[in-house]
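Single-structure report; data block below.
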2 protein chains.
Amino acid sequence: MDATTEALQDAGVDPRLDRDTSNCSIARTLEVVGEKWTILILREVWYGSSRFSEFERVLGCPRNLLAARLRMLVEEGILAAETYKEPGSRSRPKYVITPKGMDLVPAVMGLLQWGDRYSADPEGPAMLSRHRGCGAHVDAQIRCDQGHAVQPEDIESIPGPAFRLRPAE
Amino acid sequence: MDATTEALQDAGVDPRLDRDTSNCSIARTLEVVGEKWTILILREVWYGSSRFSEFERVLGCPRNLLAARLRMLVEEGILAAETYKEPGSRSRPKYVITPKGMDLVPAVMGLLQWGDRYSADPEGPAMLSRHRGCGAHVDAQIRCDQGHAVQPEDIESIPGPAFRLRPAE
DNA sequence: CATCTGAGTTTACTTTTCTATACCCAGCCA
DNA sequence: TGGCTGGGTATAGAAAAGTAAACTCAGATG
């Protein structure tokens, strides 16, 4: 143990327990997609919906929340608002996913897969995901930059460049 | 288009918009881990906390909510309650992660990684994840059973064995 | 026997989030 | 001109979450 760590411990400060947890990528992601309906809206976008009325019909979620979530997702750059025009109707907005939104796919695949394993119906999942092209089943997995498949228990978490202690009260 | 699909469409029923979305693995997973604090508690378990007082100190979350979430996580089999004994103190409960809880790691790695990419501090993330053993950085990625790395846009979602339409009102 | 500690429970109050329903508005159409 | 449709707002009430402090309980210590 180095001198700094020792001095901290003498002061009752423990890096693990007294770190600044607001400065955490998980917490920040949850601030964006952690509200009710948000991830379910994204799921519907992946499954092919793009219009306000489609989201409302398939999700059955309150209209004001739907409007608020869509507005937030556009502000965050996860969805982009474009316009569409049905013949005989005026132009209306539709919502399409951006690359930033696509980058949420691994996280949502992880949630999907856990539900498939632990709470699917006896006959199996309601939806299947396969690789367009080879047709094989896809899933989220953890790999290291050396290309090894990594078991969850073999992940080591260490303080990174922006590690901070919580400001003392 | 087959005759059944055609008949459904004539009745104004669209499998994509009128499917039973409560029968969805993503929604079911969110019912378990979608409440505030739940994923943050699991994060702390991965980072090495196990005691009530540790969670309270590092999360700063209300004690009644912490107690409720811990109870729920144990009921769901994501954490298991064991006992520990400090010398000179009586036995007290501690919370350890189960294999079912470990299976949430890919989902949480996905959230972590998205936050690292889009909302980390300029100098980098607060925590780094590396492969114990080779030391290389780890991340969540999508692969198919043929071993191909899969881009999000190459995932095809198709109805599975438990696909159901929403019951008509 | 009184006191301390960790792990809660209970109660009371405030704030935020969610739900339900009603209402509004622009443009197309008869 | 009046109704229809898609995409919203507005508002009111219910539920959940957050805050704060008091209380409990069992066993170890003085």
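Chain letters run A, B, ... following the sequence lines, proteins first and then strands; every chain starts at 1.
With respect to B/Asp154 and A/Arg130, no salt bridge is recorded, no charged nitrogen being found less than 4.0 Å from a carboxylate O. By the 4.0 Å N-to-carboxylate-O rule, B/Arg143 lies too far from A/Asp139 to be salt-bridged with it. We find that A/Arg28 and B/Asp116 are not joined by a salt bridge, their nearest charged nitrogen and carboxylate oxygen being 4.0 Å or further apart.
What separates CD of B/Glu56 from C1' of D/dT19 is a distance of 13 Å, to the nearest Å. Whole-Å rounding puts the B/Leu59 CG to D/dG18 P distance at 11 Å. In this structure, the CG atom of B/Leu66 is 13 Å from the C1' atom of C/dT9, given to the nearest Å. The NZ-C1' distance, from B/Lys94 to C/dT5, rounds to 19 Å in whole Å. Counting to the nearest Å, the C1' atom of C/dG8 and the CG atom of B/Leu73 are 16 Å from each other. Atom pair B/Met72:CE and D/dA16:C1' shows a separation of 14 Å (rounding to whole Å applied). Rounded to whole Å, atom C1' of C/dT10 lies 12 Å from atom CZ of B/Arg71. Between B/Tyr95 atom OH and C/dG6 atom C1' the separation is 11 Å, expressed in whole Å.
The backbone N or O of B/Arg16 lies less than 3.5 Å from a partner atom in the side chain of B/Arg19, making a donor-acceptor pair. Using a distance-only test at 3.5 Å, with no hydrogens or angles considered, no donor-acceptor pair links the side chain of A/Thr38 to the main chain of A/Gly34.
A/Tyr95 does not carry A/Arg51 over the face of its six-membered ring by the limits of under 6.0 Å from the centre and within 45° of the normal.
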Heavy-atom contacts, protein to nucleotides 19-30 of chain C, under 4.0 Å, summarised as B (base), S (sugar-phosphate only) or - (none) per nt, yield BB-----BSSS-

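Taking side-chain N and O atoms only, A/Tyr84 has a distance below 4.0 Å to OP1 or OP2 of D/dG7. Not one side-chain nitrogen or oxygen of B/Arg51 sits closer than 4.0 Å to the OP1 or OP2 atom of C/dT5. One finds a side-chain N or O of A/Ser53 lying less than 4.0 angstrom from the OP1 or OP2 phosphate oxygen of D/dG7.
Contacts of A/Phe55 with the nucleic acid, taken as non-hydrogen atoms under 4.0 Å apart, are absent. Backbone-only contact: B/Arg69 has heavy atoms under 4.0 Å from sugar-phosphate atoms and none from a base. Note on B/Arg57: nothing from the nucleic acid sits closer than 4.0 angstrom, heavy atoms only.
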Taking it one step at a time, do A/Arg57 and B/Asp18 satisfy salt bridge (charged side-chain N to carboxylate O under 4.0 Å, His left out)? CA-CA 8 Å; A/Arg57 176 163 165 191; B/Asp18 292 320; 2.5 Å; yes

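The two atoms that bring A/Gly124 and B/Pro161 nearest to each other are CA-CG, 3.9 Å, heavy atoms only.
Across the helix from C/dC1-D/dG30 to C/dA30-D/dT1, the helix axis at one end is tilted relative to the axis at the other end by 10° (nearest 10 degrees, each axis from five pairs).
Toward the 5' end of DNA chain C, the nearer of the two residues A/Glu35 and B/Phe52, judged by each one's closest nucleotide, is B/Phe52.
Hydrophobic clustering (side-chain heavy atoms under 4.5 Å, transitive across Ile, Leu, Val, Met, Phe, Trp, Tyr) groups A/Val74 together with A/Leu59.
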